[in-house]
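Before any comments, here is the structure.
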Amino acid sequence: MRYLFTLSIVLAYSLQSLAQPKLQTQLDSLLRSGENEFNGVVLVTQRGKKLYEGAHGYSDLQTKANVKPDDQFIIGSISKQITAVLVLREYQKGNLRLDAPLSKYLPELKYAWADSITIHHLLTHMSGVRQDLQPPLVFAPGSRFDYSNTGFVLLGDVVAHTSGKSYAAMAEDMFKECGMKNTFHPASNKHKRLVKGYWQNPQGVLDEVTIALDYAKKITPSGGFISTAADMVKWNTSLHGGKLLADSTYKLMMTAYPGAVRDHQLFGLTQYGYGITIDEKDGLLQVGQTGKLSGYNSINFFFPESGTSMIVFNNMEYAPSDFKKSFYYHTGVQHIVRQYLLANRNQ
């Protein structure tokens, strides 16, 4: 019996070893398949083991410096789950209530709507607040979904108020807990290897997006953090491994809330928890987020069943106004990784 058990382990390992080169071949082929070759970093890991790592193209078109696996990118809306965790850690400490009105924590907001919007509404994109904060609200809080960057900027202000520390300092402390040594608030100016972001102008020329970093500083809680692919793996491991939140609080973050549903430009109907998307298609749970800030497109997805992280960072937009073309490689990698996980889930 022991022999048969050992044989089954060896066989399962052998099958996975055979599948991994296929995954690598498929991803290599994809990253050379588009009208414009992929420019950025792809990292796929499973329980601490690298299944795929690739760095392609240039970090600086002028100097022709090559992209390296440990280069830094602006991660866009992946930042929202970082803010959500900071909010929930304040909730765990008893410093805020999720059902409390925004006015309780930001009394300087002199808008009547601050009394009707709760922290929960902001976390689920169901607040109805306008980008410029001006009244009236777009809709009654809690009545429907409307993706809101402004809402997460407000949440950054909330945790700074409840903690008595700056948002940047709170984030930096949390990154240290996770061992994330290359992830920074852009205003800290501690990043040393940030690649330049580019987008294609109407004449077909790639222009550097020189305003990207300044804009990231203004909207960091919503979409401005700077990180590396390897640090995103550390983030996933810490968040989904129970290091940052108590189990009951983590469950709050990962709940697909009624009404918090978006017709996503890439994925169709998409459910939201707190600052994160939740996808259970094909019975394969996938949690994570896309990120888009001029010149930088990113995806970070985690598959809890197998402990798999999938990160794709890109710093050249060849179709800035076409969301699907901008994320051609990201969604391609996602499809290949999902098929790999589905095919190997019982091994």
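As the structure is a computational prediction, the values presented were derived from the model and not from experiment.
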For [X] against [Y], the heavy-atom pair lying closest together:
{"X": "G275", "Y": "Q289", "answer": "O-OE1, 4.0 Å"}
{"X": "M170", "Y": "S163", "answer": "SD-OG, 3.1 Å"}
{"X": "M253", "Y": "A84", "answer": "CE-CB, 4.2 Å"}
{"X": "D282", "Y": "R345", "answer": "O-NH1, 3.6 Å"}
{"X": "T150", "Y": "R130", "answer": "CG2-O, 3.8 Å"}
{"X": "Y167", "Y": "G156", "answer": "CD1-CA, 3.7 Å"}

When you measure from the side chain of [X] to the backbone of [Y], do you find a donor-acceptor pair of N or O atoms at a distance under 3.5 Å?
{"X": "S166", "Y": "A169", "answer": "yes"}
{"X": "N315", "Y": "Y58", "answer": "yes"}
{"X": "H121", "Y": "M126", "answer": "no"}
{"X": "N300", "Y": "G288", "answer": "no"}
{"X": "T83", "Y": "P221", "answer": "yes"}
{"X": "S79", "Y": "F225", "answer": "yes"}
{"X": "S59", "Y": "V195", "answer": "no"}
{"X": "R47", "Y": "S306", "answer": "yes"}
{"X": "T270", "Y": "G268", "answer": "yes"}

State, without any angle test, whether [X] and [Y] hold a side-chain donor-acceptor pair at a distance under 3.5 Å.
{"X": "T162", "Y": "N95", "value": "no"}
{"X": "Y52", "Y": "D28", "value": "yes"}
{"X": "S103", "Y": "D115", "value": "yes"}
{"X": "Q286", "Y": "Q334", "value": "yes"}
{"X": "N182", "Y": "K192", "value": "no"}

Does any non-hydrogen side-chain atom of [Y] lie less than 4.5 Å from one of [X]?
{"X": "L30", "Y": "H335", "answer": "no"}
{"X": "Y111", "Y": "Q134", "answer": "yes"}
{"X": "L102", "Y": "W113", "answer": "yes"}
{"X": "T308", "Y": "Y340", "answer": "no"}
{"X": "V159", "Y": "R89", "answer": "no"}
{"X": "T290", "Y": "H264", "answer": "yes"}
{"X": "H120", "Y": "L123", "answer": "no"}
{"X": "M316", "Y": "L61", "answer": "yes"}

For [X], I'd like to know if atom [atom1] has over 12 heavy atoms of other residues, nucleotides or ligands within 6.0 Å.
{"X": "Y105", "atom1": "OH", "answer": "yes"}
{"X": "D99", "atom1": "CG", "answer": "yes"}
{"X": "K251", "atom1": "NZ", "answer": "no"}
{"X": "L266", "atom1": "CG", "answer": "yes"}
{"X": "K243", "atom1": "NZ", "answer": "yes"}
{"X": "E177", "atom1": "CD", "answer": "yes"}
{"X": "Q131", "atom1": "CD", "answer": "no"}

Could you point out which residue of Y272, F145, Y274 forms a ring-ring contact (aromatic ring centres under 6.0 Å, His included) with Y257?
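One option only clears the test, and that one is Y274.
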
Students often mix this up, so state it plainly: with edges at 30° and 60°, are the rings of F38 and H56 parallel, tilted or perpendicular?
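Aromatic pair F38/H56 classed perpendicular.
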
Quick one: do D279 and K281 make a salt bridge, cutoff under 4.0 Å?
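Yes, charged N to carboxylate O under 4.0 Å.
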
Would you call K325 and E35 a salt bridge, taking side-chain N to carboxylate O under 4.0 Å as the test?
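The answer is no: the pair does not qualify as a salt bridge.
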
Steps toward side-chain contact (heavy atoms from CB on, under 4.5 Å) verdict (K234, F175)
CA-CA 9 Å; K234 292 178 181 179; F175 295 151; over 6 Å; no

Could you go through I82 and W235, starting from their C-alpha distance and side-chain angles, then the distance that decides it, and tell me whether this counts as side-chain contact (heavy atoms from CB on, under 4.5 Å)?
CA-CA 9 Å; I82 294 169; W235 168 257; 3.9 Å; yes

Out of the candidates D207, D71, D60, only one should pair with K196 under the salt bridge (Lys or Arg N to Asp or Glu O under 4.0 Å) rule; please name it.
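Option passing the salt bridge (Lys or Arg N to Asp or Glu O under 4.0 Å) with K196: D60.
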
Members besides L269 in its Ile/Leu/Val/Met/Phe/Trp/Tyr cluster (side-chain heavy atoms under 4.5 Å):
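V261, which link up through side-chain heavy atoms under 4.5 Å apart, make up the rest of the cluster.
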
